[in-house]
Each structure stands twice: as structure tokens, then as C-alpha cells.
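Have a look at the structure below before the remarks.
Just so you know, residue 1 is the first one in the sequence shown, and it goes up from there.
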Amino acid sequence: GDEIPVLMGSFNAPMLRLAGAIADGVILSFCPMDELPGRVAEVRAGAIEAGRDPGELQIALYMSAYAGNEVDAALERFRRLVLQYAVQPTHRAGFAESIPRLEQATELWNSGDRRRAMALIPDEAVLRLCPIGSPADVAGRLDATRAAGVTLPVLAPQSLAPGDVHTPLATIRAVAAAQRARGRTT
């Protein structure tokens, strides 16, 4: 039909269940792979509780990503991106598992000491939240999200510097080629 699906952006369990109960699906973001099955299960449980078929729901996952050789530069760029979201009161709980020193980082960030705040975000936390690495690594992460129940992985390639349009385009092309090599067309 001509109906436009309504997807809810959700982080915590009550919102995930609500998305399953009333929406056509959910949009997840900054979701570590080890937390993904639990979040998908919450959405499906919400659908079941509401008497809906969970198989009809769209589970989208928005992932900021970089595929290329400048991994150190990407880690620094994404560290800032992650922290900009993580310090928001409405989002903080969704990052607590990934960023052990989030409260201290938030205090520093809010006081204007962005450099020290970002220093509290380890590379491992950034990599848990964002696929960064070779095109094959990023394509593998897309496949892993599908295996965990995501029906629509959304890759959001990021630039490494303001105004840089070439890096996101290179990520798109490289990941698409890696996906084709894996026998995937989407």
C-alpha cells in the first residue's frame, strides 16, 4: 500500500517495548553487538504483549561507520561523535555499558574541557559502537547485525574532517564492494 511506516527511535527497554507495541518498527543507534540481541528481543516482546506479529516489524540499526586505512584518525573523529550523544541526559543510559567513565566524561564535557572528556573514552568503546576498519570488517559487522535480528542496517559513513565528502564516499564504495564480494547486494 501507500502507507508510510512509522519507526520509533529507542534506547531503553520501555521505549523498545513501546516501539514493538505501537510502531511499524524501531530505529536503534549506537548499539553494541553484544547488546543488540537483547534490544531486538525487547521490541519483539512489546509486539507480542500487544498481540502483534513481531515478524512484521522493521528493526533498523543506524551505524556511523568508516572503512579505510586511517583508523587512528577515524577513532578520534568518532570518539567525539559518540561522546556528543553519550553526554545527553536522554541518551546517557544507553551508553553506560560501553563507556565506564561516562559520568566523569560528562562532567568534563559540560564544563567545556572536551579534550579531557574525550580522553576518557577508550578505543574499545568507540569500536563497540561504530564499525571502523577495513571494508571487510565493516561489511562483516553489517552481516552480524542481520544475524542478530536487524532487518535494515543503515550505514552512515562519516567524514574525518569538516567538509570532507571524499571519505564518506570512499567508505560507501569500499563497503559496497566488500558486500558484493560476500554475495550480498544490499
Sorted by chain and residue number, the salt bridge (charged side-chain N to carboxylate O under 4.0 Å, His left out) partners of Glu49 (sequence neighbours excluded) come out as Arg17
Compare all side-chain heavy atoms of Arg77 with those of Ser159 and state whether any distance is below 4.5 angstrom. yes
Using a 3.5 Å cut-off and no angle test, enumerate the donor-acceptor pairs between side-chain atoms of residues 61-68 and protein atoms at least two apart in sequence or in another chain.
residue : atom : partner : partner atom : Å
Tyr66   : OH   : Asn69   : N            : 3.3
Tyr66   : OH   : Glu70   : N            : 2.9

Side-chain heavy atoms under 4.5 Å apart, restricted to Ile/Leu/Val/Met/Phe/Trp/Tyr: what other residues fall into the cluster of Val6, or is it alone? none
What pairs of residues pass the ring-ring contact (aromatic ring centres under 6.0 Å, His included) test when at least one of them lies in residues 20-61, not counting sequence neighbours? Phe30-Tyr85, Phe30-Phe95
In Å and rounded to the nearest 0.5 Å, what is the CG to CD distance from Leu155 to Gln179? 9.0 Å
Tell me, please, which residues at least two apart from Leu152 pass side chain to side chain contact (heavy atoms under 4.5 Å, CB included). Gln58, Ala60, Val154
Donor-acceptor pairs under 3.5 angstrom involving side-chain atoms of residues 113-134: please list them, not counting sequence neighbours.
residue : atom : partner : partner atom : Å
Asp113  : OD1  : Arg116  : N            : 3.2
Asp113  : OD2  : Arg116  : NH1          : 3.2
Arg114  : NE   : Trp109  : O            : 3.0
Asp123  : OD1  : Arg79   : NH1          : 3.2
Asp123  : OD1  : Arg79   : NH2          : 2.7
Arg128  : NH1  : Glu97   : O            : 3.4
Arg128  : NH1  : Ser98   : OG           : 2.8
Arg128  : NH2  : Asp34   : OD1          : 2.4
Arg128  : NH2  : Asp34   : OD2          : 2.7
Ser134  : OG   : Ala136  : N            : 3.4
Ser134  : OG   : Asp137  : N            : 3.0
Ser134  : OG   : Asp137  : OD1          : 3.4
Ser134  : OG   : Asp137  : OD2          : 3.2

Among all residues two or more places apart in sequence or in another chain, which pass the salt bridge (charged side-chain N to carboxylate O under 4.0 Å, His left out) test with Arg141? none
Does Thr106 have any side chain to side chain contact (heavy atoms under 4.5 Å, CB included) partners at least two apart in sequence or in another chain, and if so, which? Val87, Arg92, Leu102, Asn110
Rounded to the nearest 0.5 Å, how far apart are CZ of Phe11 and NE2 of His91? 4.5 Å
Verify side chain to side chain contact (heavy atoms under 4.5 Å, CB included) between Thr171 and Val138, making sure each step is shown before the conclusion. CA-CA 9 Å; Thr171 290; Val138 175; 5.6 Å; no
Closest non-hydrogen atom pair between Ala23 and Met8, with its separation: CB-CG, 3.8 Å
In short, Leu28 meets Leu36 closest at the heavy-atom pair CD1-CD1, 3.6 Å
Mind checking whether Leu57 and Leu18 sit in one hydrophobic cluster, side chains of I, L, V, M, F, W, Y counted as touching below 4.5 Å? no
Just wondering, are more than 12 heavy atoms of other shown residues or ligands nearer than 6.0 Å to CZ in Arg173? no
How close do Cys31 and Arg39 get, heavy atom to heavy atom, and via which atoms? SG-CD, 3.5 Å
Is there a path from Val82 to Ile27 through hydrophobic residues (I, L, V, M, F, W, Y) whose side chains come within less than 4.5 Å of each other? no
Residues in side chain to side chain contact (heavy atoms under 4.5 Å, CB included) with His166, at least two apart? Asp164
In this structure, would Ile99 and Leu75 fall into the same cluster of hydrophobic residues linked by side-chain contacts under 4.5 Å? yes
May I have all residue pairs that pass side-chain hydrogen bond (donor to acceptor under 3.5 Å, both in side chains) and include part of residues 21-33, sequence neighbours excluded? none
To the nearest 0.5 Å, how far apart are OG1 in Thr151 and CD1 in Ile59? 6.0 Å
Distance-only, no hydrogens or angles: does the Ser10 side chain make a donor-acceptor pair with backbone N or O of Met15 under 3.5 Å? yes
Please report the shortest heavy-atom distance between Gly25 and Ala19, naming the atom on each side. O-CB, 4.0 Å
Residues at least two apart in sequence or cross-chain that pass side chain to side chain contact (heavy atoms under 4.5 Å, CB included) with Ala50, listed by chain then number, are Ala21, Arg52
Other than Val165, which residues form its hydrophobic cluster under the rule that side-chain heavy atoms must be closer than 4.5 Å? none
Scanning both residues in full, the closest heavy-atom pair of Leu142 with Pro153 reads CD2-CB, 3.7 Å
Minimum heavy-atom distance Leu108-Ser111, with the two atoms named: O-OG, 2.9 Å
